[in-house]
Amino acid sequence: MHASLPADEQLFLWTPEDGFGFHEMGDIVENERSAHAVSFDPETLRVRTFPVTDFITNPTKRIFRVTLDSGRSVLVTKDHNVFTLDEHGGVTRLASEDAEGEHVMVPGTLPEAQATESTLDLVELFRGDEDVVAYASDGIGSANWSDVPSGSRSHYESRNSAPMNALGSATLPGDTRVAFKQSDARLPRRIPVSPELGWILGFYVAEGYARRKQVVFTQNDRGRLERVADWFEQYDTSLSWNELEEGAHQLTVCSALWSKVFRTLAGSGSEKNVPERAWNWSTDVLEAFLDGLLDGDGHRREERDTLYTANEALADRATYLGSRLGYQTSTYHRTRDQYVESTDTHLTGEEWAVDFYDGAHKRGQYVPNPSALLRDLRNDAGLTMADVADEVGFSSKSSVSNIENREYDTVKRDSLRRLRDCYAANGVDTARLDQILDANVRFDRVESVEDTGRVETTYDLEVQPRGRKIENFLGGFGGIFLSNTAGFIDPGYRGQVTLELSNLGTAPVALTPGMRISQLVFTELTSRSERPYGAERGSKYQDQDGPQASRIRGDREFGGEQ
């Protein structure tokens, strides 16, 4: 049995309450939260969501950090699996301890929310907040005044208003307006989630800061600050300009409510980050958010854009954001020494840089070599190696031979695409190559597997909707696809247990009598299982005697009754 992730490792999931977002593994498992994992389908290599079907607490194990060339990383047990391709182009697993130097699967893109958030509802954003007041022209209606002083209640009622902590789940009309307590400056209940709002939030995360009653933006480019000012002016917001030394301009948004909006959405100080709810915004809004980040604290080049930040958490989320928008990303870290002339001192700090590539780049251009698949396709096309070399523009047939004989562990995507086009033009079914080249996954080289020194309880998720072999989910810093644990015996099952054993390596492994090759783990339930294994669930293997072949063909999706 493979153990899995520590409690504090993050997963990227979809939940009914919050849509897409980040959750700690321990919280999801211990509370058995209804969720869909972001996973790839091994048959199509498409990335989408699949329901989590079980929650698993594993024994205490030692924790290792797997780090990829792109800077992505994840905390897992040493024997936990990541994914690569075999010589036939099929998905296969690698134990983390054996993965150094291998190219493993990461997302090329992340799924977009089906129902995107088009408006920001300030009533819901500040529900229960005593510092924010709601106003409605036809009256607030039902409110719980128990925590509001009697003198204040009459004041609120006379103005058709109530503090948000008195409203609870009360339904308010659409024309409700909100304000900070003791302020006459009001905002409409709903603010459009537009690309312009996305850009300003990104610019704030990179370049701004918020105090209790103001939001401040500072930059040398006054034009960008005027863009910020234009957006706030549509809400009649008070603004203040200031010219600083060395040509810098400063724009102050004088509003306690806007400060609270920005701090609630994107944080403040060193903890500013991509808003949690942003993963449910449309692609054009997220593109604008990334533009704001880069305009605030980035560097644009012809071949790539780079975001610089001292916030490791922002670097992580920016890497996921790049994947969500279809960019290839690379994240690296360095210690930066800065000289402060006014005090004649050197300051040392940590800095992360996130590169965003649109198009070909070496980090995303290598694929585990499907050598046997390519050899079979060439034979099906009736071509010699020399024929193929001529058609695709290789220097000689040896280039084809080196790929097919696996002289290289990886092959460039461009070379694979040229081979695919050649074989397709000769009437061969290249569906698997199409999936490898055009689906939503990429491959990234494992740089290191290091012992963290941590030993603790580990957790896993099962993702096997209707028995499908999805068996993976997305997690870690920047996002890596991770394997489910091995199968468990369901509560209520009767029969003999089949040991599933396979050697995914290239060398034979000798088994001898008495060798420890498996283990059984028993979990004590605190109550009877609500859905025990058996006939009521359409379970296929109840009362089995001896090893059984797969009965998946009996499932309804294949025309069966189960």
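It should be emphasised that the depicted structure is a prediction, and the values quoted were computed from it without experimental measurement. All values below were derived from every heavy atom in this structure, side-chain atoms included, with hydrogens, water molecules and symmetry-related copies excluded.
- If you run side chain to side chain contact (heavy atoms under 4.5 Å, CB included) between L5 and each of T458, T77, L11, L75, only L11 comes through.
- Considering only heavy atoms from C-beta on, E447 stays 4.5 Å or farther from V66 through its side chain.
- Ring centers of F473 and F481: at least 6.0 Å apart, outside the cut-off.
- Of all heavy-atom pairs spanning A35 and L13, the tightest one is CB-CD1, 4.2 Å.
- A side chain to side chain contact (heavy atoms under 4.5 Å, CB included) with V388 is found for exactly one of E404, R378, K397, namely R378.
- Of all non-hydrogen atoms in V400 and M385, the two that sit nearest each other are CG2-O, 3.8 Å.
- For the residue pair E462 and T53, a side-chain donor N or O sits within less than 3.5 Å of a side-chain acceptor on the partner.
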| task | Any chance you could lay out the side chain to side chain contact (heavy atoms under 4.5 Å, CB included) test for T57 and T457, step after step, and finish with the verdict? | result | CA-CA 7 Å; T57 302; T457 301; 3.8 Å; yes
| said: Evaluate F22 against W279 for ring-ring contact (aromatic ring centres under 6.0 Å, His included), listing each step before the verdict. | reply: CA-CA 10 Å; F22 294 88; W279 306 102; 5.4 Å; yes
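- Rounding to the nearest 0.5 Å places CD of Q328 at 10.0 Å from CG of D444.
- The shortest side-chain heavy-atom distance between F64 and S96 does not fall under the 4.5 Å cut-off.
- Side-chain contact annotation: D355 with T306, donor-acceptor N/O pair under 3.5 Å present.
- Under the 6.0 Å distance and 45° angle rule, R466 does not count as a cation-pi partner of F50.
- No donor-acceptor distance shorter than 3.5 angstrom exists from the side chain of N369 to the backbone of E87, with no hydrogens or angles considered.
- Q464 CD to E471 CD: the interatomic distance, rounded to the nearest 0.5 Å, is 4.5 Å.
- Side-chain atoms of D460 do not come within 3.5 Å of backbone N or O of I56 as any donor-acceptor pair.
- Side chain to side chain, R324 and T283 meet the donor-acceptor criterion of an N or O pair below 3.5 Å.
- The closest donor-acceptor contact from the side chain of R224 to the backbone of D295 lies under 3.5 Å.
- Classification of the W14-H36 ring pair by plane angle, with boundaries at 30° and 60°, yields perpendicular.
- A pairwise comparison of heavy atoms in L307 and A318 identifies CD2-CB, 3.9 Å as the closest pair.
- Residues K272 and G267 approach most closely at CG-O, 3.7 Å, considering heavy atoms.
- With sequence neighbours excluded, no residue satisfies salt bridge (charged side-chain N to carboxylate O under 4.0 Å, His left out) with D98.
- Aromatic rings from W352 and Y308 are positioned such that their centres are separated by 6.0 Å or more.
- Of the possible polar contacts, none joining the R442 side chain to the P107 backbone as a donor-acceptor pair under 3.5 Å is found.
- Between the side chains of E24 and Q10, not a single donor N or O lies within less than 3.5 Å of an accepting N or O.
- Applying the side chain to side chain donor-acceptor pair (under 3.5 Å) criterion to S282, with sequence neighbours excluded, gives D284.
- Proximity of E391 to L383: side-chain heavy atoms (C-beta onward) are separated by under 4.5 Å at one or more points.
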| request: Test salt bridge (Lys or Arg N to Asp or Glu O under 4.0 Å) on D438 and R46 and set out the steps. | output: CA-CA 9 Å; D438 302 329; R46 294 290 177 187; over 6 Å; no
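- The two atoms that bring G326 and T109 nearest to each other are CA-CG2, 3.6 Å, heavy atoms only.
- Between F356 and R304 there is no side-chain heavy-atom pair separated by less than 4.5 Å.
- Remark: R227 is positioned above the aromatic ring of W199, its terminal NZ or CZ atom under 6.0 angstrom from the ring centre and at most 45 degrees off the axis.
- For F12 and Y320, the ring centers sit closer than 6.0 Å to each other.
- Looking only at side-chain heavy atoms (C-beta outward), L125 and T264 come within less than 4.5 Å of each other.
- Aromatic ring centres of Y459 and F55 lie farther apart than the 6.0 Å criterion allows.
- At least one side-chain heavy atom of H103 sits less than 4.5 Å from a side-chain heavy atom of P368.
- Once rounded to the nearest 0.5 Å, the distance linking OH of Y408 with OH of Y366 reads 11.0 Å.
- In terms of modelled atom types and a separation under 3.5 Å, the side chain of N273 and the main chain of A313 share a donor-acceptor contact.
- No side-chain heavy atom of V74 sits less than 4.5 Å from a side-chain heavy atom of F477.
- Using a 3.5 Å distance cut-off with no hydrogens or angles, the side chains of R420 and T430 do not pair a donor with an acceptor.
- For N472 and S483, the side-chain atoms include no donor-acceptor pair closer than 3.5 Å.
- Under the 3.5 Å distance criterion, the side-chain polar atoms of R413 are matched with a main-chain donor or acceptor of L437.
- One distance of note links CG of D41 with CZ of R48; it measures 7.0 Å at 0.5 Å rounding.
- In E43, the CD atom is not crowded: 12 or fewer heavy atoms of neighbouring residues, nucleotides or ligands sit closer than 6.0 Å.
- A distance of 7.0 Å separates OG of S34 from CD of E17, quoted to the nearest 0.5 Å.
- The closest side-chain donor-acceptor pair between T319 and T329, if any, does not fall under 3.5 angstrom.
- No side-chain donor-acceptor contact under 3.5 Å links N280 and T116.
- Proximity of a side-chain donor or acceptor of R65 to a complementary backbone N or O of E450 within less than 3.5 Å is not detected.
- In this structure, the salt bridge (charged side-chain N to carboxylate O under 4.0 Å, His left out) partners of D414, at least two apart in sequence or on a different chain, are R418.
- Of the inter-residue distances, the one linking F20 atom CZ with T15 atom OG1 reads 10.0 Å to the nearest 0.5 angstrom.
- With hydrogens and angles left out, the side-chain atoms of E351 and H333 include no donor and acceptor closer than 3.5 Å.
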